[in-house]
Protein chains: 4
Amino acid sequence: MSQHSDDKRQMSQTKKQQLLDAALHLFIEQGIQATATAKIAKTAGVANGTLFHHFANKQALVEALHLSIKEEMAQAITPPDSSLPLREQLIHLWQAAIQWGLSHPQKFQFLRQLANDPQYPLSQQHAMLSLALPLLPQLIAQGQSEGILADWPQALILNTCHCQFLSTVSLFTEQPELAIDPACLQTAFDMLWYGMARR
Amino acid sequence: MSQHSDDKRQMSQTKKQQLLDAALHLFIEQGIQATATAKIAKTAGVANGTLFHHFANKQALVEALHLSIKEEMAQAITPPDSSLPLREQLIHLWQAAIQWGLSHPQKFQFLRQLANDPQYPLSQQHAMLSLALPLLPQLIAQGQSEGILADWPQALILNTCHCQFLSTVSLFTEQPELAIDPACLQTAFDMLWYGMARR
Amino acid sequence: MSQHSDDKRQMSQTKKQQLLDAALHLFIEQGIQATATAKIAKTAGVANGTLFHHFANKQALVEALHLSIKEEMAQAITPPDSSLPLREQLIHLWQAAIQWGLSHPQKFQFLRQLANDPQYPLSQQHAMLSLALPLLPQLIAQGQSEGILADWPQALILNTCHCQFLSTVSLFTEQPELAIDPACLQTAFDMLWYGMARR
Amino acid sequence: MSQHSDDKRQMSQTKKQQLLDAALHLFIEQGIQATATAKIAKTAGVANGTLFHHFANKQALVEALHLSIKEEMAQAITPPDSSLPLREQLIHLWQAAIQWGLSHPQKFQFLRQLANDPQYPLSQQHAMLSLALPLLPQLIAQGQSEGILADWPQALILNTCHCQFLSTVSLFTEQPELAIDPACLQTAFDMLWYGMARR
DNA sequence: GATGAATGAGCTTTCATTCAT
DNA sequence: CATGAATGAAAGCTCATTCAT
């Protein structure tokens, strides 16, 4: 009986998940707007109406996908050992974030796509990084007060971190031969670090 | 008679330009896909069919707009005095590019939007910068051979330049109080420079 | 055990009644066609499929509701004392019918709605009144043969009675200050009576 | 040239009119809600999208139809000669209104259908009569002040007029043999007149 | 060139109904 | 009896594009 119940729940979860999977696939392939809900349902192998049984509308599906990916990313990036030097803590975050991006190229690109959606407020773009790395602003403030990091406006520094992160993952995803080389990954971090370190 | 002819030609050019202007406006406001051609025509104050007299289809309109903006940007960024030191030449380019972006926020954002369009190949994103700044790769190569810049893969460096450019203009457009401060603009360049300068 | 069985039967009757109640509520609020079965079930606090356990389909639910209301109305209108003068008998029916309509505004409006449904034959409209007041045609015929009522076609007179009944209840429901005044109720009857009485 | 221009205008008016005609036909046959826009377009012999070129949405089509019929009815009912006695003036209005209803049974029934639509405020029902017969309230007030009509609330009298009008046209439309007899038409008016005349 | 009515494929969403549990 | 996930036909509506004028 619990078996049955489990099967049922799993079945419905399966269809919902199939829909999310299909949506992710199609969204990054042709864009969110350009992807018809009917195509998502068809790709997921469910009926047209099933999509709207699980999600109130297309927008809700997008948001559910967004949320699930953000949570997955946040869980994948473990907080660094706070006893380490600042630079090491940042390297930990950097590598974890890059690693997640490289391991989940589609999910990463979906986040990137949403971040550039003109219908979202531009300032929300940082949310992507901030949600995944709530520690980052604190570490930067700490670095500045300790005299390790240059005393520039936080917004400027965060902006650069965010942008360097996005572009690095994109580049490495597109040119995997660079990603294989650990030195290259380190270099990308160094460009960021030396850019914001006090001289 | 030639008067008439002139009026006519000017009229048609006017309508074409009105269409481009309206399209730019609407594209950055609601996205390219989400903007109906009928709405562009209406905003431009011309008839529905007129749009398709001047542009074969919607895609052609997008491309014409893209081209015109790229050309305008390229013209606005004058080449630096090649006798200046490398750093000064880069500062010149940087400031000219940023300035153009801040002076034409809508056109800049349209380029940014296209660069993130999933239907375009990802690698084409660099085209934006490269077309506007054909000099940049040369200067970087020169800086590396002179030992001024770190010896990292060109792709990595260009990628960083591109991304720092995009995000800086976006940030300054959104928070104009930062853009007013020249030190801030300089700081943004410094983050880039110290990131890639040989230590 | 019989206890359980009773509970069960009562439960199912409860749910069936909840469905009828919810349907009545929603039907008069938004119309029959515009009311989704899912909404009825939700309002009734039962599962989607439960509705189709108790009623073969939506149409059957509508008809069950129709029938139950017609029966309730017929029971509420007691036959007049046949020894009274004709006018008094008619007043009795008139007041009982109006009273029922005012006391059950939702049920009354549902009947009114169905009576105007184009998918029902128009002539069926009289059915509402005739079913509730099977006595009316007899009384009218009697009045005519006694020379109290004008000698007009029955159809015309019945039609007028029906329509005056519907519109009076609607008016009084909408403007309750009129319904409070017993003279007003009497006036409405008088307009009907003097309209058809022999002069 | 004016020929061409006329053709064009007439053509587009034709399609718009075809849509209105088809809509009227289908609305009274199966109800407004139950009539699909696609069916209207098909019946009118135009493409699906053409309907939405002429009317913003289905509701707008309904309202346009409503308006055009109300105007047509208002124009058909000429005001009576004000020098005639009150009763004659009312007879004039009565006959004109009934006549229009009998000559345009579909249009009449559409008005009747809208008047009973639960989504419209109930009090708006009188609007049908009032718009067509703006003179009626004045004449009734005049009749009351002259002591010809009984001194009952206007709402009650108007309500009765409205209802008698609707039911008479409906009955005569359904049983044309009654409508042929002018005495019958007169009788229907008499029922109304003697109902509200002062005794 | 310019117009705008017309098109019809395609979109998102709704909904009565079914059925395995 | 009761559930609610699943279905797919059909709804209202949008939109890029065409074409006669």
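Values below: every heavy atom of this structure, side chains too, minus hydrogens, waters and symmetry copies. Chain naming here is simple, since letters A, B, ... match the order of the sequence lines and numbering starts at 1 in each. Treat the numbers as computed from the prediction; the structure is a model and nothing was measured.
Pairing partner, F:dG12: E:dC11, with both Watson-Crick or wobble hydrogen-bond distances short of 3.5 Å. Base pairing of E:dA2 is made with F:dT21, judged by Watson-Crick or G-U wobble geometry with both donor-acceptor distances under 3.5 Å.
In this model, no donor atom of one side chain and acceptor atom of the other lie less than 3.5 Å apart for C:Q113 and C:D117.
Regarding contacts with the backbone of E:dC15, every side-chain N or O of A:H53 stays at 4.0 angstrom or more from both OP1 and OP2. In this structure, C:H54 does not reach the F:dC1 phosphate: none of its side-chain N or O atoms is under 4.0 Å from OP1 or OP2.
Under the 3.5 Å distance criterion, the side-chain polar atoms of C:T50 are left unmatched by any main-chain donor or acceptor of C:V46.
With rounding to whole Å, C:L19 atom CG is found 13 Å from F:dC1 atom C1'. Between the CZ atom of B:F27 and the C1' atom of F:dA16 there is a distance of 12 Å, given to the nearest Å. One can place CG of D:L51 at 13 Å from C1' of F:dA11, the figure rounded to the nearest angstrom. Remark: C1' of F:dT14 and CD of B:Q30 are 13 Å apart, rounded to the nearest angstrom. The distance from atom CG of B:L61 to atom P of F:dC15 is 15 Å, rounded to the nearest whole Å. The distance from atom CD1 of D:I40 to atom P of E:dA6 is 16 Å, rounded to the nearest whole Å. The nearest whole Å value for the distance from the CD atom in B:Q59 to the C1' atom in F:dA16 is 12 Å. A:Q18 places its CD atom 15 Å from the C1' atom of F:dT7, with the value rounded to the nearest Å.
Checked against E:dG8, F:dT7, E:dT17, the side chain of C:T37 finds its nearest nucleotide in E:dT17. The side chain of B:K58 has F:dA16 as its nearest neighbour among F:dA16, E:dT7, E:dT17. Nearest to the side chain of C:K15, among E:dT17, F:dT3, E:dT3, sits F:dT3. Side-chain proximity of D:T50 to the nucleotides E:dT3, E:dT12, E:dT7 is greatest for E:dT7. Of the candidate nucleotides F:dG12, F:dT3, F:dT17, F:dT17 has the atom lying nearest to any side-chain atom of B:F52.
If B:N48 and D:A56 are placed on DNA chain F by their nearest nucleotide, the residue sitting closer to the 5' end is D:A56. Heavy-atom nearest nucleotides on DNA chain E were determined for C:I32 and for B:G49, and the one closer to the 5' end corresponds to B:G49. Each of C:N57 and B:V46 was matched to the nucleotide of DNA chain E holding its nearest heavy atom; the match closer to the 5' end belongs to B:V46. Both D:Q33 and B:K39 lie close to DNA chain F; mapped to their nearest nucleotides by heavy-atom distance, the more 5′-ward contact belongs to D:Q33.
With values rounded to the nearest 0.5 angstrom, D:K58 atom NZ is found 13.5 Å from D:F55 atom CZ. With values rounded to the nearest 0.5 angstrom, B:Q59 atom CD is found 8.5 Å from B:I32 atom CD1.
Residue-environment remark: NE2 (D:H104) exceeds the threshold of 12 foreign heavy atoms within 6.0 Å.
Using cut-offs of 30° and 60° on the angle between ring planes, the pair B:F27 and B:F110 is parallel.
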